[in-house]
Number of protein chains: 2
Amino acid sequence: MDTDGAAEPGAGICDDRDRVGEIGHAIFRVARAHRAAAGRLLREIGLYPGQEIMLGHLGDHGQTRQSRLVVELGIDPSTVTKMLQRLERQGLVERRADPTDRRVAVVAITEDGKDLLGRIEDSWRRLDEITCAGFTDDDRDRLKRILTRLEGNLAPCEEN
Amino acid sequence: MDTDGAAEPGAGICDDRDRVGEIGHAIFRVARAHRAAAGRLLREIGLYPGQEIMLGHLGDHGQTRQSRLVVELGIDPSTVTKMLQRLERQGLVERRADPTDRRVAVVAITEDGKDLLGRIEDSWRRLDEITCAGFTDDDRDRLKRILTRLEGNLAPCEEN
DNA sequence: ATGTTATTGTTGGCTGGCCAAGTTTTTCGG
DNA sequence: CCGAAAAACTTGGCCAGCCAACAATAACAT
């Protein structure tokens, strides 16, 4: 490993430092701001960021086994468990054991949960509008493509 | 500007649901993947994602009062407090009270912290390389510009 | 000088998210 | 048929991050 670090020129100013990881930094900040904005919007309907994605997914896919949520949402099994426990406590989601395979838990959105879907979509629309304010349709398409590429780049190192 | 979105050309399929919040979704997923990737890299040097940004900032700015960190990093005061408590416990950061104003806490990176800066930058470089694999310099510039715009769009709703 | 307001930081509680280690059930191999 | 391996979740612990409520100090007004 680099036992050196001594190779560093004593120059106190390392203009590099401002450029290294510039993109990663920017992604980090955008992500935090985006999440915070989502949080503010979702708070109006009593949700935390992340929960709305779970509910939206369940709204689209009907009954789903938990392991599929893990794969499709790309989050840790333990995270899914805890999120569902909280959503269940709020009556937005139901879980029951699959009779054919008693390991799996089948998850479904409740009526109360469905009632929120409209407002969730509304929040999404507003959030995208805030995020992409001043973007032309062209810009948005470009952005979507870029995000897809980024996701593709980051995905492989996901499944390790 | 198109106030609508109804001006969608060639719209025949009305599965709105897949399009609503598409960008927000993508940002969400990219952000999670990016953070996870950062976590894997940082783990090698014993840090959690977020801490490296704090340390990098302190490395660049020397002594800083906590309230400035709140503003410059754009995170909650309580988050700063807790992060610094943990970093202090690890000996990477020092805090002392400002004698001229006993409310403020002045923060500085320690020698042990500085020793990590090189490896942190290395992680940043690697992460950006993973994230932007296959991106031309042009692509990266575009991406940086877009991220800056996104950040600008999301910032105002931050300071509420 | 003295009470009121603003600034600064802390604590507690809640979330999403990860990892590591466990439990239960199913499946597979001998 | 039975024991080992795999699959599907759960629990506990730790992190960042937010909000709300608090304590301490400074600045300001009267």
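A note on names: the letters A, B, ... follow the listed sequences, proteins ahead of strands, and every chain is numbered from 1.
- Ranked by how close their nearest DNA chain D nucleotide is to the 5' end, B:Ser78 and A:Arg65 are led by A:Arg65.
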Nucleotide N/O of nucleotides 1-6 of chain D paired with protein N/O under 3.5 Å:
none

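- The listed nucleotides are C:dC18, D:dC15, C:dG16; the one nearest the side chain of A:Met83 is C:dG16.
- Contact of the A:Ile23 side chain with the A:Ile27 side chain is registered, since non-hydrogen atoms from C-beta on lie closer than 4.5 Å.
- OP1 or OP2 of D:dC9 lies within a sub-4.0 Å distance of a side-chain N or O belonging to A:Ser67.
- Salt bridge present: A:Arg140 and A:Glu129 bring a charged side-chain N and a carboxylate O closer than 4.0 Å.
- Residue contacts shown for A:Asp76 include a base, since a base heavy atom lies under 4.0 Å away.
- A distance-only check finds no donor-acceptor pair linking the side chain of B:His57 to the backbone of B:Ile53 [under 3.5 Å].
- In terms of phosphate contacts, A:Arg86 brings a side-chain nitrogen or oxygen within less than 4.0 Å of OP1 or OP2 of C:dT15.
- In terms of modelled atom types and a separation under 3.5 Å, the side chain of A:Asp139 and the main chain of A:Thr136 share a donor-acceptor contact.
- With DNA chain D read from its 5' end, the first of the two nearest nucleotides for B:Lys82 and A:Thr81 is the one closest to A:Thr81.
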N/O donor to acceptor pairs below 3.5 angstrom from side-chain atoms of residues 87-95 of chain A, sequence neighbours left out:
residue : atom : partner : partner atom : Å
A:Glu88 : OE1  : A:Arg95 : NE           : 3.3
A:Glu88 : OE1  : A:Arg95 : NH2          : 3.3
A:Arg95 : NH1  : A:Gln66 : OE1          : 3.3

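- Side-chain N/O atoms of B:Arg35 include none lying less than 4.0 angstrom from OP1 or OP2 on C:dG17.
- Nearest nucleotide to the side chain of A:Arg40, out of D:dC15, D:dT11, D:dC19: D:dC19.
- Using a 4.0 Å heavy-atom cutoff across all strands shown, B:Arg68 reaches no nucleic acid atom at all.
- Looking only at side-chain heavy atoms (C-beta outward), A:Leu55 and A:Ile120 come within less than 4.5 Å of each other.
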